[in-house]
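The structure's right below; bear with me while I get my questions together.
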Amino acid sequence: MALQIYNTLTRTKEPFTTIEPGKVRMYVCGPTVYAQAHIGHAMSAMVFDIVRRYLEYSGYEVRYVMNYTDVDDKIINKANELGEDPFALAQQYIDEYNQDLKNLNILPATLNPRATEEMDFIINMIAKLVKGDHAYVADGDVYYRVEADEDYGKLSGRTLEGMNAGSRIQVDERKEHPMDFALWKSAKPGEPAWESPWSKGRPGWHIECSAMNCHHLGEQIDIHGGGNDLIFPHHENEIAQTESITGKAFSRFWMHNGMLMLKGEKMAKSLGNIISIREFLKQHPADVFRLLVLSGSYRAPLIYGEDVLNQAEQVLKRLTGVKKPALTGAKGLSEAQYQLLMEAAEKAKIDFVEVMDNDFNTAGALAVLFELVKSLNQARSDGATQEQLQPALNRFSELTGVLGLTLEESSSSAEGGQADAFIDLLVNLRQTLRTEKNWALADKIRNDLLNLGVAIEDSKEGSRWSWN
RNA sequence: GGCGACGUGGCCAAGUGGAAAGGCAAGGGUCUGCAAAACCCUCAUCAUGGGUUCAAAUCCCAUCGUCGCCUCCA
């Protein structure tokens, strides 16, 4: 069974096919850069990082475009508040976000276009819409005419009638229909503005993405992604704009990640329940966040809280622990035992692909990895040599790498390894105490080191320590 | 009010017609000077009520509940 992807457009899983064989054109909506990014943004970026990594693992060449919306009311307001230049402010947040993504081990996109650098394409696209009567000009603003679009609402399952009923849309006299949305907005004095045939102004959010898509990926793409809060109106409008011009199906697949939930509510700036990526990474390694994302379905809400964090920390320890070296003095596995380990490693790869092919079932993939962990741990305690463990360990690293996990042995970054020699000294001293059966003092050293974050494990052959 | 998603053990969570994956936590055991780690064992009939089927967590209907969107939002 080949890769199947759930398509929001059809609400079903469909076999994945691409416009051009072996190549994927993929666009994901990035953030509007007016504040520090939070872990909800990180979830979305990480989901599509995993999608991208798996597509590449499956042999596709992926052209991955993630945009930045770098001109918008919120950015302008924030800049005015701070008395700063809006462009400089946006640039600062873009730089920070890029660093955040890097810290989360999220691969850089092939391209990060931004609205302010695409004005010609945006204006050109609006002009085409006006020319084709899909849009109209009112007082220097340009609006998209939803009533001229027969299948408007096909992504979100809404109808114009349904949206009118009980809606909270403010009536704007200049609009022909309440659902008509702005493609171009004339600027107030002092606001950033670009010349256009209609007014000095700036583009609406939705048209930016349509334009960047067409410019960098073409009129038709394979995957369009984003948070499920973007389904309506953003993605609905992107479809309307793009298809009105091209007359062709815009994106073959629409993928939407679920929201990150904090105490039963979506994490969002407007709700104020935010944990920034920076705050998170101060407390936890990037792998912990990745495991949170991996442990559920990307489409479902991710429940964030103390419990799941602790669980992810434990999971990380277990996954990292499998890389421990063979027992000192290991006698080696029998041929039959070794064959079992090798079979487990091969099965893991087959099973991994099978579950991931099912709409990126990462929770299933983790279960596969845990089975391999168990086989490896068993082999080690059965006395496998490092040489015997290595092939299965390599397979393990290959698969965890596809998921973007680094599984680095945690180290105390603050000391930068400078404490190691002193810890070695203490551990060796404790060994001497143990041979002298001075258990009380040996145990005190072990406990005190544990309180400092250093865990000691004893075995017949000696002790090893690691940062906890 | 409209549209959409969802409700699986203490917690997280896969599975979308044919004997309930996995992890965390918990309990018992092996190992250990004692621990830790690791290994072995134990731990659910899938919100509720109907229906379809030889067979349903999986399909259909209803009810209850949760969340998202309908205004900017990953």
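In what follows, every chain begins at residue 1, and chains take the letters A, B, ... in the order their sequences are listed.
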For this session: Could you tell me which nucleotide pairs with B:U48 by Watson-Crick or G-U wobble geometry, both distances under 3.5 Å, or answer none if nothing does?
Result: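 In the structure as shown, B:U48 has B:A62 as its Watson-Crick or wobble partner.
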
Problem set entry | Complement of B:U32, any strand, by Watson-Crick or G-U distances under 3.5 angstrom |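 Here B:U32 is not engaged in any pair, so there is no nucleotide opposite it.
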
For this session: Give a yes/no on whether any side-chain N or O of A:Gln311 is located under 4.0 angstrom from OP1 or OP2 of B:A13.
Result: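 Answer is no, no contact under 4.0 Å.
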
Problem set entry | From B:G33, B:G23, B:G68, nucleotide with atom closest to A:Met259 side chain |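 Nearest to the side-chain atoms of A:Met259, counting from C-beta on, is B:G68.
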
For this session: Determine the interatomic distance between C1' on B:A20 and the same-named atom on B:G9; round to the nearest Å.
Result: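 So the two C1' atoms sit 10 Å from each other.
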
Problem set entry | Rounded distance [0.5 Å steps], CZ in A:Arg114 versus CD in A:Glu208 |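 So the CZ of A:Arg114 and the CD of A:Glu208 are separated by 12.5 Å.
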
Exercise. What integer distance in Å separates A:Phe232:CZ from B:G68:P?
Worked result: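 Spelled out: CZ on A:Phe232 to P on B:G68 is 18 Å.
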
Exercise. What is the nucleic acid contact for A:Arg318, judged by heavy atoms within less than 4.0 Å: base, sugar-phosphate only, or nothing?
Worked result: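 Touches sugar-phosphate only.
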
Exercise. Under 4.0 Å: is that the gap between some side-chain N or O of A:Gln314 and OP1 or OP2 of B:A25?
Worked result: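 A:Gln314 to B:A25 OP1/OP2: side-chain N or O found under 4.0 Å.
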
Exercise. Taking N and O atoms by type only, does the side chain of A:Arg299 place a donor or acceptor under 3.5 Å from a partner on the base of B:C6?
Worked result: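 Under the 3.5 Å cut-off, the side chain and the base do not form any donor-acceptor pair.
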
Exercise. With respect to the side chain of A:Arg11, which nucleotide from B:A5, B:C70, B:A74 is positioned closest?
Worked result: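 Between B:A5, B:C70, B:A74, the one nearest the side chain of A:Arg11 would be B:A5.
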
For this session: For the side chain of A:Arg430, starting at C-beta, report the closest nucleotide among B:G33, B:C12, B:G68.
Result: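 Among B:G33, B:C12, B:G68, the one nearest the side chain of A:Arg430 is B:G33.
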
Exercise. Of the candidate nucleotides B:C72, B:A74, B:A5, which contains the atom at the shortest distance from the side chain of A:Lys74?
Worked result: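 Selected nucleotide: B:C72.
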
Exercise. Taking atom P of B:A74 as reference, at what distance in whole Å does atom CZ of A:Phe48 sit?
Worked result: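 Atom-to-atom, A:Phe48 to B:A74, this comes out as 13 Å.
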
Problem set entry | Modelled atom types, side-chain donor and acceptor of A:Tyr34 and A:Asp73, under 3.5 Å |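 The criterion, which ignores hydrogens and geometry beyond distance, is not satisfied for A:Asp73 and A:Tyr34.
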
Exercise. Quick one: which of B:C34, B:C69, B:A74 gets closest to the side chain of A:Arg434?
Worked result: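 In terms of side-chain proximity for A:Arg434, the closest of B:C34, B:C69, B:A74 is B:C34.
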
For this session: May I ask which nucleotide in the shown strands pairs with B:C69, Watson-Crick or G-U wobble, both distances under 3.5 Å?
Result: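 Per the H-bond distance test, B:G2.
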
Exercise. What integer distance in Å separates A:Asn237:CG from B:C72:C1'?
Worked result: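 Going from A:Asn237 (CG) to B:C72 (C1'), I get 13 Å.
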
Exercise. With sugar-phosphate meaning primed atoms plus P, OP1 and OP2, does A:Leu260 contact a base, only sugar-phosphate, or nothing at under 4.0 Å between heavy atoms?
Worked result: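 Contact class for A:Leu260: base.
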
Exercise. Does the pair A:Arg446 and A:Asp458 meet the rule for a side-chain contact (heavy atoms from CB on, under 4.5 Å), with working shown?
Worked result: CA-CA 10 Å; A:Arg446 183 173 63 196; A:Asp458 296 331; 3.6 Å; yes

For this session: Please state how far atom CD1 in A:Ile303 lies from atom C1' in B:U8, giving the value in whole angstrom units.
Result: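 Going from CD1 in A:Ile303 over to C1' in B:U8 covers 13 Å.
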
Exercise. Any N or O donor-acceptor pair linking the side chain of A:Asn228 to the base of B:G4 at under 3.5 Å?
Worked result: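 By the distance-only test, no, there is no pair.
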
Exercise. Is there a donor-acceptor contact under 3.5 Å linking the side chains of A:Asn273 and A:Tyr304?
Worked result: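 Short answer, no.
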
Distance-only criterion, 3.5 Å: show the donor-acceptor pairs between side-chain atoms of residues 100-110 of chain A and protein atoms not counting sequence neighbours.
from, atom 1, to, atom 2, distance (Å)
A:Asp100, OD1, A:Arg278, NE, 2.9
A:Asp100, OD1, A:Arg278, NH2, 3.2
A:Asn103, OD1, A:Gln99, NE2, 3.0
A:Asn103, ND2, A:Gln99, O, 3.4
A:Asn105, ND2, A:Gly404, O, 2.8
A:Thr110, OG1, A:Tyr64, N, 2.7
A:Thr110, OG1, A:Tyr64, O, 3.3

Problem set entry | Separation of atom CG in A:Asn310 from atom P in B:G23, rounded to whole Å |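 After rounding, the reported distance stands at 18 Å.
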
For this session: Output the single nucleotide from B:C12, B:A38, B:C40 whose closest atom is nearest the side chain of A:Lys374.
Result: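 Between B:C12, B:A38, B:C40, the one nearest the side chain of A:Lys374 would be B:C40.
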
Exercise. Which is true for A:Gly40 with a 4.0 Å heavy-atom rule: it touches a base, it touches only sugar-phosphate, or it touches nothing?
Worked result: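 Base contact - A:Gly40 has a heavy atom under 4.0 Å of at least one base atom.
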
Exercise. Base, sugar-phosphate alone, or nothing: which one does A:Met261 contact when heavy atoms must sit under 4.0 Å apart?
Worked result: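 Touches sugar-phosphate only.
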
Exercise. Got a salt bridge between A:Arg395 and A:Glu346, using NZ or NE/NH1/NH2 to carboxylate O under 4.0 Å?
Worked result: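 Salt bridge flag = yes for A:Glu346 with A:Arg395.
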
Exercise. RNA chain B: A:Lys324 or A:Gly226, which has the more 5' nearest nucleotide?
Worked result: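 This one resolves to A:Lys324.
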
For this session: Could you let me know what B:U53 is paired to, Watson-Crick or G-U wobble, both distances under 3.5 Å, or none if it's on its own?
Result: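 Check on B:U53: unpaired, no WC or wobble geometry under 3.5 Å.
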
Distance-only donor-acceptor pairs under 3.5 Å for side chains of residues 38-48 of chain A, two or more places apart:
from, atom 1, to, atom 2, distance (Å)
A:His38, ND1, A:Gly40, N, 2.9
A:His41, ND1, A:His38, N, 3.1
A:Ser44, OG, A:Asn257, OD1, 2.9

Problem set entry | Integer-rounded Å distance: B:U66 C1' and A:Leu302 CG |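 Value for this atom pair: 16 Å.
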
Exercise. Could you state the CD1-C1' distance from A:Ile275 to B:A74, rounded to the nearest angstrom?
Worked result: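 Those two atoms, CD1 and C1', are 16 Å apart.
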
Problem set entry | Nucleotide of B:G68, B:A37, B:G33 approaching A:Glu457 most closely (side-chain heavy atoms) |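 Between B:G68, B:A37, B:G33, the one nearest the side chain of A:Glu457 would be B:A37.
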
Exercise. Reckon A:Lys266 has a side-chain N or O less than 4.0 Å from the OP1 or OP2 of B:C69?
Worked result: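 Yes, A:Lys266 has a side-chain N/O under 4.0 Å of OP1/OP2 on B:C69.
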
Exercise. Of all the nucleotides listed (B:A38, B:A74, B:C69), which has the minimum atom distance to the side chain of A:Asn377?
Worked result: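 From the listed options, B:A38 comes nearest.
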
Problem set entry | Given B:A37, B:C69, B:A74, the nucleotide with the shortest approach to the side chain of A:Arg158 |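 Closest of the options to the side chain of A:Arg158: B:C69.
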
Exercise. NA contact type, A:Ala363, heavy-atom cut-off 4.0 Å: base, sugar-phosphate, or nothing?
Worked result: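 Base contact.
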
Exercise. Quantified in whole Å, what is the C1' atom distance between nucleotide B:G50 and nucleotide B:A56?
Worked result: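 Their C1' atoms lie roughly 14 Å apart.
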
For this session: Can you tell me the pairing partner of B:C24 across any strand shown, Watson-Crick or G-U wobble, with both distances under 3.5 angstrom?
Result: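 Across any shown strand, B:C24 pairs with B:G10.
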
Problem set entry | Exercise: do A:Gln91 and A:Asp95 side chains pair donor with acceptor under 3.5 Å |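 Note: A:Gln91 and A:Asp95 side chains meet the donor-acceptor criterion.
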
For this session: Report the base-pairing partner of B:A74 (Watson-Crick or G-U wobble, both distances below 3.5 angstrom), or none.
Result: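 Check on B:A74: unpaired, no WC or wobble geometry under 3.5 Å.
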
For this session: Examine B:A35: is either OP1 or OP2 under 4.0 Å from a nitrogen or oxygen in the side chain of A:Asn447? Give yes or no.
Result: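 For B:A35, OP1/OP2 do not have a side-chain N/O of A:Asn447 under 4.0 Å.
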
For this session: Describe the nucleic acid contact of A:Ile456 in one word from base, sugar-phosphate, nothing, applying a heavy-atom distance below 4.0 Å.
Result: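 If one applies the 4.0 Å heavy-atom cut-off, A:Ile456 turns out to touch a base.
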
Problem set entry | Nearest-Å distance for atom pair CZ/P, residues A:Arg446 and B:U32 |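 Going from CZ in A:Arg446 over to P in B:U32 covers 15 Å.
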
Exercise. Looking at the side chain of A:Asn358, which of B:U16, B:G68, B:A21 is the nearest nucleotide?
Worked result: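 Between B:U16, B:G68, B:A21, the one nearest the side chain of A:Asn358 would be B:U16.
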
For this session: Looking at every strand, decide which applies to A:Asp443 at a 4.0 Å heavy-atom threshold: base, sugar-phosphate, or nothing.
Result: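 Here A:Asp443 touches the bases of the nucleic acid.
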
Exercise. Start at the 5' end of RNA chain B and walk down; is the nucleotide closest to A:Ser44 or to A:Glu265 reached first?
Worked result: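 It is A:Glu265 whose nearest nucleotide is closer to the 5' end.
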
